[in-house]
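I have placed the structure first, in the form of structure tokens, so that the comments after it can refer back to it.
Remember, it's 1-based here, ligands and their atoms both numbered in the order they're listed. Throughout, numbering of the chain's residues begins at 1 and tracks the sequence.
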Amino acid sequence: MSDHDQVHKTQMNYSKDRPKAANPVKIEDLTLRDGHQSLFATRGRTEDMIPVAEKMDEVGFWAMETWGGATFDTMHRFLNEDPWERLRTLKRYIKKTPFSMLLRAQNLVGYRNYADDVARAFVERAAANGMDIFRTFDALNDYRNFETVVPVIKSCGKHFQGCICYTMTEPRLGGEVYNLDYYVNKAKDLEAMGADSICLKDMAGLISPYDAYDIIKALKTTVKVPINLHSHFTSGMSSMSHLKAIEAGVDIIDTCMSPYAYRTSHPAIEPLVMTLLGTDRDTGFDIRALAAINEILEKEICPKYRHLLDDTKLSIIDINVLLHQTPGGMLSNLVNQLREMDALDKIDQVYAELPRVRKDLGQIPLVTPTSQIVGIQTVNNVLFDDENERYKMITGQVKDLCYGLYGKTAVPINPEVQKKALKGYPRGEEPITCRPAQVLEPELKKAQEDVKGLAADLDDELIYALYPVTGKRYLQWKYGKEPVPDDVKPITLEQVKAKKELIQKALAGKLVEKIEKEAPEKGDNLRKFNVFVDNDYFEVGVEEIGGAPVVSYIQPAAAPKPAAAPGRPAAPAAPKAAPKPAAAAPAKPAAAAPAAVDGTPITAPMPGMIVRFEKNVGDTVRKGDTVVVLEAMKMENALAAPVDGVIKAINFKSSDSVPKGAVLCVIG
Ligand code: CO
């Protein structure tokens, strides 16, 4: 298939000061974005990047990916960090190497298409804060979604790297939709749009080595601009695909520093440097300098993140990806979601339903956000459909997709599903065919009005415009309007060490708690709970001091897990693997829930976060009216009134996290 004379051994000089190859393989380092996004749920903090920043700047990377993707979301939501500030801070340490970001085209760094005014402002601010290369992709490969951001990237004098999302419907390259012609035509489109380089973005690690060879070879003969391969390691193929891509003449390869490499991340840089040493594609990198960086990462940084690594399996690759041609992160999200709903036994049904849903929805590529859209809808179908009705609970995002709000799908959407999804859709029941953002009203002015007095500048306003609920909460933390919760604060190496010692002590049986008080007598309000910790079982009696108030509905107090890590490998056979967070939250509902409200409750069908209530206490509702919108796994679910009546009680507010089964409101 391949002619192996594409890479030549040219020199016998393997020293650090060896002459650089005339056409070295260029490397984009992903450690500071995709690396920790893939392995550590994007939880990397800026303070943990600074110790290696200057050293990494010396390596000679073509670019360093430092921003974009999930970083913007995670930083303001979970880390109490200003995403813009990270760019400015890193720029002070990394002065030579260009910065690259992952831009979800009109989705920017969120999960929906934003209006043009927000998109323009965002790109301008990213450029002004230090971004150099805009790696731009659209989940549907619909390049009309590039039309707004690309001219702004260009007018800021920055590099536009256009992506082709790699996806497939067959076990290997080919089939009716995603065949070689598809990729060649997409590359031509990108070049015509003025792409400065083109990235084949294999987010799921699906590309096999010989297919990588064929595509790269075809792209190199079709377009003139440099070709970049981005291929996740998830399935275990990407190190081989890298090599075949290099043989086919690829210009740029994406890698990570070794502690942030492999698993659902990317191959490491060090073996590639050694592989190419002394060839006419030699990177010229100093392997000792890389080792010195690794030393810092291993000793000073990674211990803080180790607990986020999914080590429930011995294998570091995900065979499921090879079996299902589906992103590993998406599969593990499905597993996590099923686990939270105590429905892990339905995983095989989910695997069977997934290709059906994807086909119904136009055979779209599976990448953020379409992987979540297809994934969550699949789980909804498996959990809520019955033999009489399919697509019983359609998420807001699937409705948007059916309307055309994400763009054009690879093949037409199943008309029946589309009709059902668009019944009563607020923008209209007839889908659009134009560029999606054309139907979006400008959003920036309103956002600026909303946070007047809170936001200090356009950067703040954009945080809110992109993430209204969590963005506003972050701005309140930032300006001291609300206390910063402990769980978003950084941890130190000392804390990690102390915790480790405590665990070791406990494992050795040396941790003995003394009972210092005599137990009081059990009262009438004692309630018993079964508590399971791994294989141990405890019966625990709980009684509120002073007696418990009478409540009609008891809401479980389990703290919902944060949004599932996109990069956690699936572990379907290990239901006990991830211990659920202990009942960390105090029994707040007992205090918050109004006493003895009679009526029909609307309960949360899944754990999630309240986006908004569309009704107030006292409002009259008709059966089927949307009462509350619940965000679960980043998808919005409209929960409808099951009966006619009047809203008697609303038990939560916007941005509250709720467990499955929580009574959100009561209709009487
Ligand atoms: Co990636």
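Separation of atoms NE2 (His36) and CZ (Arg45) is listed at 11.5 Å; rounding is to 0.5 Å.
Screening Lys224, Lys220, Lys26 for a salt bridge (charged side-chain N to carboxylate O under 4.0 Å, His left out) involving Asp251 leaves a single residue, Lys220.
Looking only at its N/O/S atoms, Asp34 has OD2 as the one nearest to the Co ion (ligand 1).
At a threshold of 2.8 Å, the Co ion (ligand 1) has no backbone or side-chain N, O or S atom of His266 nearer than that distance. Coordination check, Asp254 versus the Co ion (ligand 1): failed, since every N/O/S atom of the residue sits at 2.8 Å or beyond.
With the Co ion (ligand 1) at the apex, His232 NE2 and His230 NE2 define an angle of roughly 100° (rounded to 10 degrees).
Atom NZ of Lys154 is surrounded by more than 12 heavy atoms from other residues, nucleotides or ligands within 6.0 Å.
Remark: Lys244 fails to qualify as a cation-pi partner of Tyr210 under the 6.0 Å distance and 45° angle criteria applied to the six-membered ring.
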